[in-house]
Amino acid sequence: MTSRNISRFWEWGRKIICVGRNYADHAKELKNAVPTEPVLFLKPPSAYLKEGSPILVPRYSSNLHHEVELGVVIGKGGASIPESEAMEHIAGYALCLDMTARDVQDECKSKGLPWTMAKAFNTSCPVSEFIPKERIPDPGNVTLWLKVNDQLRQSGCTSQMIFSVPYLISYISDFITLEEGDLILTGTPKGVSAVQEHDELQAGIQDVVTISFRVDRQQL
């Protein structure tokens, strides 16, 4: 550990590594094949958003979706980390939203293009405060939920993940060196759907944390 404050990882962490399709029911609801190995993509640190500021629908999208996820905050970097040692590299967790311009993603997929414009825009990664590791003793058994305007849209348990947190840390570190302050988004359960300007989003990890965000549209 360095002198940097891990509890404010969003201020200085260098990368956000996201796992797609890590819940079978979510893969199926988007008519995607259930993966046999992790599907990865990246968000830049400029995607981070804290409570008090709005989620902005990009100018180029008319179908922004919510995806609630458990985020893993790396406390000790490394490469080729054995799965048996992966938990030692975790500093803590965060509740995260992977905001996705679904119309743009669908277009990119149809053309065989990267998802960057759909996933990496400003405000696409709302996060909670840092959750110390001790508060989530088993990241493989955590209940996540999300409401839009007080209506429950997503509810699932990380026990439903195809690839576990230790496996993901080991897999990712084989070809992307993990660094202190990095965030891994571990995938979303089923129930993703569109949000509109002025919607109110509330999400939580049962008995641990809740977050709230308002949706606005990026101004011209």
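Starting from 1, each residue takes its place in the sequence as its number.
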message: Please give the remaining members of the hydrophobic cluster of W115, linking ILVMFWY side chains under 4.5 Å, ordered by chain and number.
response: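 Members other than W115 - counting any ILVMFWY side chain reachable under 4.5 Å - are V39, F41.
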If you look at every heavy atom in [X] and [Y], which pair is closest and at what distance?
X    : Y    : answer
W10  : E129 : CH2-OE1, 3.6 Å
H65  : V192 : ND1-CG2, 4.0 Å
V165 : V72  : CG1-CG2, 4.0 Å
Y23  : L144 : OH-CD1, 4.1 Å
V208 : R135 : O-NH2, 3.1 Å

- prompt: side chain to side chain donor-acceptor pair (under 3.5 Å) with S62: which residues, sequence neighbours excluded?
  reply: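 Listed in chain order: D103.
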message: Side chains of S124 and K43 only: does a donor on one sit below 3.5 Å from an acceptor on the other?
response: yes
- request: Return yes if some donor-acceptor pair links the side-chain N/O of Y167 with the main-chain N/O of I162 below 3.5 Å, else return no.
  value: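 Pair absent, no side-chain N/O of Y167 close to backbone of I162.
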- prompt: In terms of heavy-atom contacts, does CG of D138 have more than 12 from other residues, nucleotides or ligands at under 6.0 Å?
  reply: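 Counting neighbours around CG of D138, more than 12 heavy atoms of other residues, nucleotides or ligands fall under 6.0 Å, so yes.
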- prompt: Could you give the distance from CZ (F121) to CE (M99), rounded to the nearest 0.5 Å?
  reply: 6.5 Å
task: Applying side chain to side chain contact (heavy atoms under 4.5 Å, CB included) between I205 and each of I131, T143, T158, T210, report the one that passes.
output: I131
- prompt: Taking D216 as the fixed residue, which of Q219, Q218, R214 is the one that meets the side-chain hydrogen bond (donor to acceptor under 3.5 Å, both in side chains) rule?
  reply: R214
- prompt: Would you call E180-K76 a salt bridge at under 4.0 Å N-O?
  reply: no
